[in-house]
Amino acid sequence: MQGVLFDLDGVITDTAKFHFKAWSRLAKEKLNVELPKSFESDLKGISRLDSMNRILKFAGLEAQYSDAEVNQFAQAKNELYLNEISKLTQADILPGIENLLDELAANGVKLSVASASKNAPFILEKLGLRQQFDAIANPAKVNHGKPAPDIFIEAANQIHVDPEQCVGIEDAKAGVEAIKAAGATAVGVGSTMDLNEADVVVADTSKLTYAVLEEAFEKRTEG
Ligand code: BG6
Ligand code: MG
């Protein structure tokens with residue numbers, strides 16, 4: 001294991017609730033539609049524009065708006081979201097993550113962020129973790145969002161490590177699929193059945209340790 005590729009939302013910090021709050025408000029105010037709670041997990045790992053299009057589809061409004069209008073909605077959602085995440089501090093780092101980053105660095109493992117979020121650098125800055133990572137893959141630079149492997153391949157390229165030598169960590173089904181498609185070892189975080197394609201699943205971030213990641217890597221590459 002030479003590199004670890006981190007998803008951000010739901011792995012490093014719990015922002016899914018803020019995404020959902022912002023999408024719900026946008027949907028209510030601009031589309032006059034109430035989003036069911038299930039959308040919170042349905043949109044995990046899905047890019048901003050793809051999320052917007054899924055919401056329009058749910059509302060039966062997908063053909064109603066021009067590309068420019070759809071982009072404006074997505075931008076309005078981002079402004080609501082930015083308002084929430086501007087309050088993030090070090091206290092919002094999920095349990096076990098700081099320790100894991102220290103352990104990995106001490107073992108010479110390179111660390112890269114593979115998030116679909118264009119707000120990743122801002123969030124890491126807020127959490128005081130920006131310096132801990134060797135790279136942050138830019139989702140604007142990749143052609144296909146998760147479950148396509150692109151962002152994980154880009155994150156591995158950024159640290160000059162073959163994806164096969166990397167472990168990826170994800171809380172979303174689309175993300176686990178993306179890690180596997182990139183040829184890396186997948187560690188899932190969470191308790192839902194939809195992570196079962198991962199090589200190893202842990203219940204929550206406090207269970208993520210160097211030893212667990214190393215074991216997952218050995219299991220896939222030698223088993
Ligand atoms: C992912 C989130 O990490 O980033 C998705 O799980 C989100 O819910 C996506 O839509 C894009 O985020 P952003 O911050 O660029 O709108
Ligand atoms: Mg996530």
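Both ligands and their constituent atoms are indexed starting at 1 by order of listing. In this text the structure is predicted, and so the values were computed from the model without any measurement.
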Query raised in the report: Side chain, backbone, both or neither: which part of S115 comes within less than 4.0 Å of ligand 1 when only heavy atoms are counted?
Result: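 Contact part for S115 vs ligand 1: side chain (C-beta onward).
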Requested in this report: For ligand 1, note which part of A116 has a heavy atom under 4.0 Å away: side chain, backbone, both or neither.
Outcome: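 The answer is both, backbone and side chain.
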Report task. Quick one: pull up CG in D42 and CG in L35 and give me the separation to the nearest 0.5 Å. Result ->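 CG of L35 is found 10.0 Å from CG of D42.
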Requested in this report: Starting at OG of S115, measure out to CG of L5 and round the result to the nearest 0.5 Å.
Outcome: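 Between S115 OG and L5 CG, I get 12.5 Å after rounding to 0.5 Å.
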Charged N to carboxylate O under 4.0 angstrom, [X] versus [Y]?
X    : Y    : answer
R220 : E164 : yes
K180 : E177 : no
K146 : D7   : yes

Query raised in the report: Do we see a donor-acceptor contact under 3.5 Å between the side chains of E98 and Q90?
Result: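 Yes, a side-chain donor-acceptor pair sits under 3.5 Å.
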Report task. List every atom of ligand 1 that sits less than 4.0 Å from any heavy atom of S51, numbering the atoms from 1 in the order shown and giving each element. Result ->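 Per the distance check, 10 (O).
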Query - Per-atom contacts of ligand 1 with K44, taking only distances under 4.0 Å to non-hydrogen atoms - result: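 Those qualifying, in numeric order: 6 (O).
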Query raised in the report: So between N119, D7, D9, I46, whose heavy atom ends up nearest atom 10 (O) of ligand 1?
Result: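 When every heavy atom of N119, D7, D9, I46 is considered, I46 comes closest to atom 10 (O) of ligand 1.
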Query raised in the report: Do any pairs count as a ring pair (Phe, Tyr, Trp, His ring centres under 6.0 Å) and have a residue in residues 124-179, sequence neighbours left out, and if so which ones?
Result: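 Of all non-adjacent pairs touching residues 124-179, those that pass ring pair (Phe, Tyr, Trp, His ring centres under 6.0 Å) are F6-F133.
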Report task. Please say whether N78 places an N or O atom under 3.5 Å from an N or O atom belonging to ligand 1. Result ->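 So ligand 1 has no N or O lying under 3.5 Å from an N or O of N78.
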Query - Contact (N/O only, under 3.5 Å) between W23 and ligand 1 - result: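 Min N/O separation from ligand 1 is not below 3.5 Å for W23.
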Query raised in the report: Hey, is L8 one of the residues with a heavy atom under 4.0 angstrom from ligand 1?
Result: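 Outside the 4.0 Å threshold, so no.
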Query raised in the report: Is D204 reaching over with its side chain to a backbone N or O of S206, donor-acceptor style, under 3.5 angstrom?
Result: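 The answer is yes, because a donor-acceptor pair under 3.5 Å joins these two groups.
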Query raised in the report: Is there a side-chain contact between L111 and I159, using heavy atoms and a 4.5 Å cut-off?
Result: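 They are not in contact (no side-chain heavy atoms under 4.5 Å apart), so the answer is no.
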Report task. Pull up every protein N/O/S atom sitting under 2.8 Å from the Mg ion (ligand 2), skipping waters. Result ->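 Atoms qualifying: D7 OD2, D9 O, D171 OD1.
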